[in-house]
Amino acid sequence: MTEMTPPQTYDHASIERHWQRHWEERALYRALDDSPKPTYYTLEMLPYPSGDLHVGHAKNYTLGDAVARMMRMQGYNVIHPMGWDAFGLPAENAAIQRGIDPAKWTRQNIANMQRQLRLLGTSYDWSREIASCDPEYYRWNQWFFLKMYERGLAYKREAPVNWCPKDQTVLANEQAEGGVCWRCGSQVERRNLSQWFLKITAYADELLAGLDDLPGWPERIKTMQRNWIGRSEGVTFSFEVERLEERIRVFTTRPDTTFGVTFLAIAAEHPLVARLLEASKRRGEIERFIEGVKHKSELERTSLMEKDGVFTGIYAVNPLSHERVPIWVTNYVLAEYGTGAVMGVPAHDERDFEFARKHGLPVIQVIVPPGTTEAETLREAYVGEGRMIASGDFTGMASKRGLRAIGDRLSQMGIGERTVNYRFRDWLLSRQRYWGTPIPIVYCEEHGEQPVPYDQLPVVLPTNIPITGEGSPLARDEAFVRTTCPICGKLARRESDTMDTFMDSSWYYLRYLDPHNATEPFSAASAKHWMPVDQYIGGAEHAVLHLLYARFFYRVCRDMGMVDGSEPFTRLFNQGTLIYGGEKMSKSRGNVVGIDATVEKHGVDAMRLFLLAAGPPEDVTDWTDTGIQGRVRFLNRIWRLADAAAPHLRELPVDLVPNAVTPQEKALLRALHVAFKNALDETNSRRFHFNTTVARLDEVLNALTDLSRTAGGEENVVYLQVLRGTMLALAPFAPHIAEELWQRMGGRESVHLQTFPQPCTDVLALDEVTVVIQVNGKVRARLQVAPRTTEATVAALALQEPTVQLQINGKPVRKRIYVPDKLLNLVVS
RNA sequence: GCCCCCGUACUCCAACCGGUAGAGAGAGGCGACUUAAAAUCGUCGUAGUGUGGGUUCGAAUCCCACCGGGGGCACCA
């Protein structure tokens, strides 16, 4: 694409460089721990240092920076920190593929991204910067892990996972799509491995209920968390297995359908399967089925596969109806949820219906829809409420009541109880990866699993060890693994798994508050002073990952007495992505517009303004090459006017209040105050639609341009003071040019240390308003009247209008609707 | 399949509580300046708000249905 770039009226490159250095030297954006001002904590999500920023990233940081600057200019002691989510797979992959040391690769990327963030003119307090791969950071991951271990919140157990036999490592579900390892293409297995977990489910109810206390969060994020937690209430009870001294426990949310059970379905991994196999005559068939099921990943098993199963030849007994029901091993019952076994009620459950139809199992209807009495042949499962039939003592009861009554009966019989189940599982923390936080546990032959004593932290991740991509580099590193038992001092082995990197991002916002603390992760006093985060800004992709983990972690901190309150993030703002050429901007799509080239060409102020002006920040916005030129043009125009007027402004007292006299002067002054009001409203409502603020600034500039051409333009006090005020309004959004011009106008302190002006109601007030006159809802005339003119006066004036008279045509006015300063509607028959 | 959000001018978007559909930008047309072009300055806006119904004095805005786009959930018993 050929493009014409408007020549620069001002030297953006040297101005931007100059002020960035100046602000840095003056520590202008340092958050003070002992300031009497009210605090405001605004934060963008911890970025992964992937190497190069593009303008899509800049959209996020520009918004966050505008918020920080607006709040600072409103008198808040703003903390606006930045750091690095520096552990993780890409660094390790760089090592495997290109032989680069992960630490070096990461440090280089951090250096470059930090440079780029500075280039954006962001107002971070860099003295609080953290990097999670720094031992002084991750030692506190280990510290938290040990604290959780003490509290029983960190535990090791065997769990089924995706395992790649070639790479010798666990894979997350999304890295094993289609049952194939994303790196080597091997078929992954489901394997039971001993893994470390954090007991997030201990907080399940609280994490769910707490969402109701977050009015500042987008509804869709809360919905996603609710879905993910997946709380469900029901009853767990037992079926006796015939001929065996065994019971099968099932969980159901619909105990009212218990009389409709025609089979029991158990997961292939159910602990009782082994026992059933022994007793079964169909052993070979069952084993073959289970083998087939086990090779499928969870993804395939949950969404893609047809329901299937095999009859064990063994029966159980329905404790209420005493009917014999066949026990089937199936592929659709999840071992990890509830009890790993369900009662099959084809008549009232869609999945059971499908299964029963395929395998010719009977369908017994025990609930009829309201208004009907007879069972009929069901074409599909009836899952609604209704009246109970064929249900022993419960027949005739409303199913809703029956649900409680049967629950009560089962518990009276001593075979069941009400239970709550959650869809989400404990957080699997272990990773068989090198580039992460070592889990601080050692294994002693005599004393088993032992936590590393606190005074031996951090367990340092060794550097300069071979990383081949096969197996765990740490497990192979004898110097790391060989250690001594904290109890007996004999030879012991270290845990060689590292922690999921979501551990790092679960509490980083607390470390910013006290980043150099060498004795604890952060002081209680610093948390009390700054927390919670007032405004959190980031994409929606972390809805159920980071945002859920962090809420869990914060509650653990609360229970350890380290923080007050339960929620770390009061308000959450999800910004939308940036697209270019119809697609999301990303390296893999090859449609990246880089920061460096854009800033060099157009200047960062123009880029910031464009990103804000392009549309509401929560929407997807389009990057256009012509759009940014419009912002360059805008800044050039401002520059020309302000630079020419600067000598006059230096003579003009800053606090001189302009006194408008001509309508043109009033309009200009009003335009400026409308812009002030808009910027404040958009900030303080947390709507952040600064696209409208930029439009208001455009209007100010247009009005300035008008006046600059009239006689004595540059001597005009209103004109001059509006120019000065424009710099204040521009400062949060285009900080460099605003500072430069502010200084040229004689500003002594930084423009960013000024108070954002309050709009003046007198200036905002209009001398005249337009009242629309409607007849039967159609606009027939417009009247210019003084504000707050009474209905009677407006009506009298309206009736004198010829067009109005024509429409009324002598008919009586049945109804008059008057909206002061806006509209008068005359209704005639 | 279920749930949520969004459809406004050639394009991106404004209109926040139901009250004049247009603030702003981009692109484009015309004009001025220029030997010419760029830049600059001036100037130009009929789209009735995806479609069809409804409520109302009045609907982009509220309700219903449908169409299109985006997102979430989808064997969790």
Inset, instruction - Under a 3.5 Å limit for both distances, which nucleotide forms a Watson-Crick or G-U wobble pair with B:rA65, could you say? - result: B:rU51
Inset, instruction - Run the salt-bridge test on A:R709 and A:D706 with the 4.0 Å N-O cut-off and return the result as yes or no. - result: yes
Legend entry - Between B:rG1 (C1') and A:E350 (CD): distance, integer Å: 9 Å
Legend entry - Carboxylate-amine/guanidinium contact A:E801 A:R782, below 4.0 Å: no
Legend entry - A:R254/A:D349 under salt bridge (charged side-chain N to carboxylate O under 4.0 Å, His left out): CA gap, chis, key distance, verdict: CA-CA 9 Å; A:R254 292 295 302 275; A:D349 183 282; over 6 Å; no
Legend entry - B:rA39 phosphate, OP1 or OP2, under 4.0 Å from A:N636 side-chain N/O: no
Legend entry - A:Y10 ring center within less than 6.0 Å of A:W639 ring center: yes
Inset, instruction - Please work out if A:T624 contacts a base, only the sugar-phosphate, or nothing of the nucleic acid, heavy-atom cut-off 4.0 Å. - result: nothing
Legend entry - Distance in angstrom units between A:F424 CZ and B:rG72 P, rounded: 20 Å
Inset, instruction - Answer yes when A:D821 and A:R788 have at least one side-chain N-carboxylate O distance shorter than 4.0 Å, and no when they do not. - result: no
Legend entry - Between P of B:rA15 and CG of A:D681, the distance in whole Å: 12 Å
Legend entry - Check: B:rA23 base within 3.5 Å donor-acceptor of A:R696 side chain: yes
Legend entry - Nearest-nucleotide pick for A:N825, side chain only, options being B:rG24, B:rG19, B:rA21: B:rG19
Inset, instruction - Name the nucleic acid region contacted by A:K778, choosing base, sugar-phosphate or nothing; use a 4.0 angstrom heavy-atom cut-off, strictly under. - result: nothing
Inset, instruction - Tell me which nucleotide among B:rA77, B:rG26, B:rU20 gets nearest to the side chain of A:V779. - result: B:rU20
Inset, instruction - State plainly whether the residues A:E354 and A:R357 are in salt-bridge range, i.e. N to O under 4.0 Å. - result: no
Legend entry - Base paired to B:rA25 (Watson-Crick or G-U; both N/O distances under 3.5 angstrom): B:rU11
Legend entry - Syn or anti conformation of B:rC5, syn meaning chi within 90° of 0: anti
Inset, instruction - Would you mind telling me which residue lines up with the more 5' stretch of RNA chain B, A:G627 or A:R782, judged by nearest nucleotide? - result: A:R782
Legend entry - Among B:rA23, B:rG71, B:rG72, the nucleotide that comes nearest once only the side chain of A:R220 is considered: B:rG71
Legend entry - Parallel, tilted or perpendicular, as decided by the 30° and 60° cut-offs, for the rings of A:H359 and A:F355: tilted
Legend entry - Residue mapping more 5' on RNA chain B - nearest nucleotide basis, A:H689 or A:T705: A:H689
Inset, instruction - Could you check which nucleotide pairs with B:rU56 in any of the strands shown, counting Watson-Crick or G-U wobble with both distances under 3.5 Å? - result: none
Legend entry - Given B:rA25, B:rA74, B:rA14, the nucleotide with the shortest approach to the side chain of A:R423: B:rA74
Inset, instruction - Please state how far atom CD in A:E336 lies from atom P in B:rA77, giving the value in whole angstrom units. - result: 15 Å
Inset, instruction - Among the candidates B:rC41, B:rG26, B:rG24, find the nucleotide nearest to the side-chain atoms of A:R640. - result: B:rC41
Inset, instruction - Consider the side chain of A:R631, meaning its heavy atoms from C-beta on, and name the nucleotide among B:rG24, B:rA77, B:rG19 that approaches it most closely. - result: B:rG24
Legend entry - Pairwise C1' distance, B:rG7 and B:rG50 [rounded to whole Å]: 6 Å
Inset, instruction - Under the side-chain hydrogen bond (donor to acceptor under 3.5 Å, both in side chains) rule, what do A:Y580 and A:T621 come out as? Steps first, then yes or no, please. - result: CA-CA 9 Å; A:Y580 184 51; A:T621 43; over 6 Å; no
Inset, instruction - Go ahead and name the base partner of B:rC41; Watson-Crick or wobble counts if both distances stay under 3.5 Å, otherwise write none. - result: B:rG31
Inset, instruction - Describe the nucleic acid contact of A:V694 in one word from base, sugar-phosphate, nothing, applying a heavy-atom distance below 4.0 Å. - result: nothing
Inset, instruction - Send over the distance from A:D706 CG to B:rG24 P, rounded to a whole Å. - result: 11 Å
Inset, instruction - Scan A:A614 against the nucleic acid and name what it touches under 4.0 Å (heavy atoms): base, sugar-phosphate only, or nothing. - result: sugar-phosphate
Inset, instruction - Quote, to the nearest angstrom, the C1' distance that separates B:rU46 from B:rU8. - result: 14 Å
Inset, instruction - Output the single nucleotide from B:rA14, B:rC75, B:rC57 whose closest atom is nearest the side chain of A:Y332. - result: B:rC75
Legend entry - Anti or syn - B:rG18, cut at 90° from 0: anti
Inset, instruction - Report yes if at least one side-chain N or O of A:S232 is closer than 4.0 Å to OP1 or OP2 of B:rA77; otherwise report no. - result: yes
Legend entry - OP1 or OP2 of B:rA23 under 4.0 Å from side-chain N/O of A:N691: no
Legend entry - Distance, rounded to the nearest Å, where A:D698 contributes CG and B:rC12 contributes C1': 13 Å
Inset, instruction - Have a look at A:T223 and say if it touches a base, only the backbone sugar-phosphate, or nothing, with a 4.0 Å heavy-atom cut-off. - result: nothing
Inset, instruction - Take atom C1' in B:rA36 and the same atom in B:rC6, then report the distance between them in whole Å. - result: 49 Å
Inset, instruction - Kindly assign one of parallel, tilted or perpendicular to the pair A:F733 and A:F690, based on the angle between their ring planes and the thresholds 30° and 60°. - result: tilted
Inset, instruction - Name the pairing partner of B:rC17, where a pair is Watson-Crick or G-U wobble with both distances under 3.5 Å, or state none. - result: none
Inset, instruction - Kindly indicate whether the side chain of A:N227 and the base of B:rC73 share any N or O donor-acceptor pair separated by less than 3.5 Å? - result: no
Inset, instruction - Using a heavy-atom cut-off of under 4.0 Å over every strand shown, decide if A:D619 touches base, sugar-phosphate, or nothing. - result: nothing
Inset, instruction - Would you indicate what A:G338 reaches in the nucleic acid, counting non-hydrogen atoms under 4.0 angstrom: base, sugar-phosphate, or nothing? - result: nothing
Legend entry - P spacing across the pair B:rA65 / B:rC2, given as an integer number of angstrom: 12 Å
Legend entry - Proximal nucleotide (of B:rC41, B:rG19, B:rC13) relative to the A:Q774 side chain: B:rG19
Inset, instruction - Take atom C1' in B:rG28 and the same atom in B:rU11, then report the distance between them in whole Å. - result: 11 Å
Legend entry - Which nucleotide in B:rC41, B:rG24, B:rC12 has an atom nearest any side-chain atom of A:R637: B:rC41
Legend entry - A:I229 CD1 to B:rG72 C1', straight-line distance once rounded to whole Å: 15 Å
Legend entry - A:I817 side-chain proximity, nearest of B:rG42, B:rG19, B:rA27: B:rG19
Inset, instruction - Go ahead and name the base partner of B:rG1; Watson-Crick or wobble counts if both distances stay under 3.5 Å, otherwise write none. - result: B:rC73
Inset, instruction - Identify whether any heavy atom of A:V772 sits under 4.0 Å from a base atom; if not, whether one sits that close to sugar-phosphate; answer base, sugar-phosphate or nothing. - result: base
Legend entry - Lys/Arg-Asp/Glu bridge criterion (N-O < 4.0 Å) met for A:R637, A:D698: no
Legend entry - Distance below 4.0 Å between A:R633 side-chain N/O and B:rG26 OP1 or OP2: yes
Inset, instruction - Provide the distance between the two P atoms, one in B:rC62 and one in B:rG19, to the nearest whole Å. - result: 11 Å
Inset, instruction - Quickly work out the A:D622 CG to B:rC10 C1' distance and round it to whole Å. - result: 14 Å
